[in-house]
Every structure is written in structure tokens, then in C-alpha cells.
Asker: 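Take this structure, written in C-alpha cells, and hold onto it; I'll ask about it next.
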Number of protein chains: 2
Amino acid sequence: MDAIDRRIVALLQNDATLSHADLAERVGASSASCWRRVKALEAAGVFTRTVRLVDPTAVGRGVNVLCNIRMRSHAADSRQSFERFVLSQPEVVECFSMSGDWDYLLRVVVADVAAYNTFLMQTLLGHPSVAGGSSHFALDMTKYTTALPT
Amino acid sequence: MDAIDRRIVALLQNDATLSHADLAERVGASSASCWRRVKALEAAGVFTRTVRLVDPTAVGRGVNVLCNIRMRSHAADSRQSFERFVLSQPEVVECFSMSGDWDYLLRVVVADVAAYNTFLMQTLLGHPSVAGGSSHFALDMTKYTTALPT
DNA sequence: CATGAAAGCCATGGTAA
DNA sequence: TTACCATGGCTTTCATG
């Protein structure tokens with residue numbers, strides 16, 4: 001993973017539609033070389049999926065809520081049950097197991113406050129592993145990127 | 001935006017490498033129809049960018065830190081300065097302007113605890129708009145998806 | 001040994017009927 | 001919707017430093 005590889009990773013993280021020829025001219029290598037490098041990066045597991053991003057407001061998911069969750073128990077089966085549940089809920093787009101006062105931090109995308117109320121009361125707090133939660137509404141998404149630093 | 005459109009959005013959010021022919025057979029429409037729908041969705045601003053995702057651990061960014069920030073002042077120029085700063089820092093991958101006790105919530109990706117210490121002390125807390133912060137380390141990334149519910 | 005140049009195949013995008 | 005055409009990217013080969 002030399003400087004050219006890092007450059008390629010940075011470029012494809014921002015625009016996956018770039019052809020190998022496009023990459024070639026931007027990193028100062030040949031198209032074939034870029035092709036080989038991309039293949040090697042895929043084999044090394046650096047690149048995972050190629051996805052299309054969508055505008056949250058355009059699909060009626062403009063509201064972000066960050067929700068801290070405290071569990072009733074820290075037993076393995078309780079955690080597994082909750083994590084499976086989280087994975088099955090499409091409005092939960094991120095979930096981190098946390099150190100500190102709270103057990104999990106979720107990012108939930110909803111249409112509006114009413115929709116979040118429904119999700120919170122009927123779905124999230126209804127889960128048997130959940131002891132309680134604390135929700136915080138985002139007023140604005142200042143930054144969101146899928147690109148990791150190279 | 002009918003059911004087929006939503007189906008297309010869901011598919012391309014998970015795999016942008018699908019060809020129009022692939023889409024066609026999965027949604028039960030013709031390839032040309034899928035092509036027109038995708039173009040319309042792009043024109044409507046539903047689709048934004050196409051990106052390659054990378055494995056955080058493979059590029060040495062396996063540690064997530066969630067950091068709450070409190071500002072010295074809520075004046076517009078103070079906020080603008082901080083938001084420009086956040087946009088310029090590649091290790092800050094997400095930033096939400098929050099309601100409640102804290103002004104911002106950042107997600108920061110770093111290699112290890114030591115790297116976060118450096119970032120926090122030398123970069124983040126050094127910004128003139130920042131009054132203080134509270135950092136929480138993620139023990140595990142239970143879920144991360146770029147796909148919004150359709 | 002990795003790179004760069006060149007060429008053919010093939011799949012895809014795009015269009016017309 | 002189906003069928004067609006042509007563009008262009010992917011992939012391999014070979015020569016070179």
C-alpha cells in the first residue's frame with residue numbers, strides 16, 4: 001500500500017464511477033497498473049462494497065436521532081438478541097457498542113418527530129433487552145462522509 | 001416514485017455495480033425501463049454519489065470515538081468557523097448539530113487511543129470555538145449501513 | 001519484478017422500431 | 001417492450017526499465 005494505492009483509495013471512496021483510465025491519468029500511472037492495483041486492494045479486503053448514496057430528504061428520511069440505550073442485562077444472549085434486532089431495523093443505520101454510561105448508541109433516520117415517537121415507543125423500547133433510552137435530535141447534519149482518511 | 005422505483009433504490013444502495021439488466025430481472029421490468037427510472041431518480045436528486053466503501057481496519061482506522069462538543073458561543077461566525085474546521089478534518093467522518101446539552105456530536109475514526117489523544121488535544125480542543133468535549137469510545141461497530149429505508 | 005503500451009473481446013449503455 | 005448497434009471499459013499479452 002504505497003502512495004499511489006492510497007491515492008486510488010481516496011479517489012474511489014469519493015467516486016466509484018471512475019474508470020481505470022480516469023484513475024490512471026489522475027495518479028500518473030498506466031491504466032493496466034491501476035487495474036492491477038485495484039484488484040490487489042480488493043483481494044486484500046481494503047475495498048468492500050460499491051454503493052449508491054441517496055439524499056435523505058429526497059426519500060423522506062431527513063431527521064436524524066441519536067439514541068443512547070441502556071440494557072437490562074449484559075448477558076451474551078441479551079446482547080445478541082438486541083444486536084440481531086438492530087440489524088433487522090432499517091431505520092437504524094448505525095449502532096455502536098459503547099464504553100461508559102450507556103451500552104449502545106444508535107443513529108436512527110426517520111421522516112419526522114412523530115415517526116420517531118412511534119419507532120421509540122412501539123419498537124425500540126418494546127425490546128425485552130432494553131431497560132431505557134435517551135434520545136437526542138440532530139438539528140443539522142453538518143458533515144457526513146463514507147470516506148476514511150488514507 | 002412507485003414500488004419499482006423503491007425497489008431499484010434499495011438494490012442500488014446495496015450494490016451499485018448492478019447493471020440495468022440485473023436490475024431488470026430483479027424488479028420484473030425491462031432493462032430500458034430500469035435505465036429510464038435510474039436516470040429519472042438521478043435527475044430528481046434521489047441518487048447522489050456512487051462510492052466505494054473501505055474496511056476501516058484494513059486502512060488502520062478501526063477505532064471509532066463519539067465526541068460531544070460544547071461551544072464557547074452560539075454566534076453564527078463561531079459556528080461557521082467550527083463547521084468549516086470539521087469539514088476539513090478527514091478523521092471526522094460525521095458531525096451533527098444537536099439539540100440538548102451538547103452542541104455537536106462528532107464521529108471520529110482513528111488508529112488507536114493514542115492517535116485520538118493527539119487529535120483531541122492538539123486539534124479539536126485547540127479550536128477557538130470549542131469550550132469542551134466529552135469522548136466515548138466505541139467497543140464495537142454493531143451496525144453500519146449507508147442504505148436508507150425505502 | 002513491476003510497469004507501460006497496445007489490442008481484442010465483451011458487456012454495457014443508449015436508441016430506434 | 002424488444003432488438004439492435006456502437007461506444008468504451010475490462011482484461012490479457014508482450015516488451016521494457
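Residue numbers start from 1 in every chain, and the chains themselves are labelled A, B, ... in the order their sequence lines are given, proteins ahead of strands. Just so we're clear, the structure is a prediction, and the values are computed from it rather than from any experiment.
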Asker: Assess, by modelled atom type and distance only, whether the side chains of B/Ser81 and B/His127 contain a donor and an acceptor separated by less than 3.5 Å.
Answerer: yes
Asker: Figure out the CG/P separation between B/Leu23 and C/dA11, and round it to whole Å.
Answerer: 18 Å
Asker: Report the distance from atom NE2 of B/His20 to atom P of D/dT1, rounded to the nearest whole Å.
Answerer: 15 Å
Asker: Return the value, rounded to whole Å, for the distance between atom CZ of B/Arg36 and atom C1' of C/dA16.
Answerer: 12 Å
Asker: By the 4.0 Å heavy-atom rule, please label B/Ser31 as base, sugar-phosphate, or nothing.
Answerer: nothing
Asker: Remember a base hit wins even if backbone is also touched, and classify B/Ala21 as base, sugar-phosphate or nothing at under 4.0 Å, heavy atoms.
Answerer: nothing
Asker: Send over the distance from A/Lys39 NZ to C/dA2 P, rounded to a whole Å.
Answerer: 14 Å
Asker: Are B/Arg107 and A/Glu94 within salt-bridge range, i.e. N to O under 4.0 Å?
Answerer: yes
Asker: Which nucleotide wins on minimum distance to the side chain of B/Ala32, given the candidates C/dA5, C/dT3, C/dT15?
Answerer: C/dT15
Asker: Rounding to a whole Å, what distance do you find between A/Trp35:CH2 and C/dC10:C1'?
Answerer: 15 Å
Asker: Is the shortest side-chain N to carboxylate O distance from A/Glu42 to B/Arg52 below 4.0 Å?
Answerer: yes
Asker: Apply ring-ring contact (aromatic ring centres under 6.0 Å, His included) to residues B/Tyr104 and B/Phe96 and explain how you reach the verdict.
Answerer: CA-CA 6 Å; B/Tyr104 290 97; B/Phe96 298 92; over 10 Å; no
Asker: B/Arg37 CZ to C/dG13 C1': how many Å, rounded?
Answerer: 18 Å
Asker: Compare side-chain N and O positions of A/Ser30 against OP1 and OP2 of C/dA5 and report whether any pair is under 4.0 Å apart.
Answerer: no
Asker: Distance check needed: C/dG13 C1' versus B/Leu18 CG, whole Å only.
Answerer: 15 Å
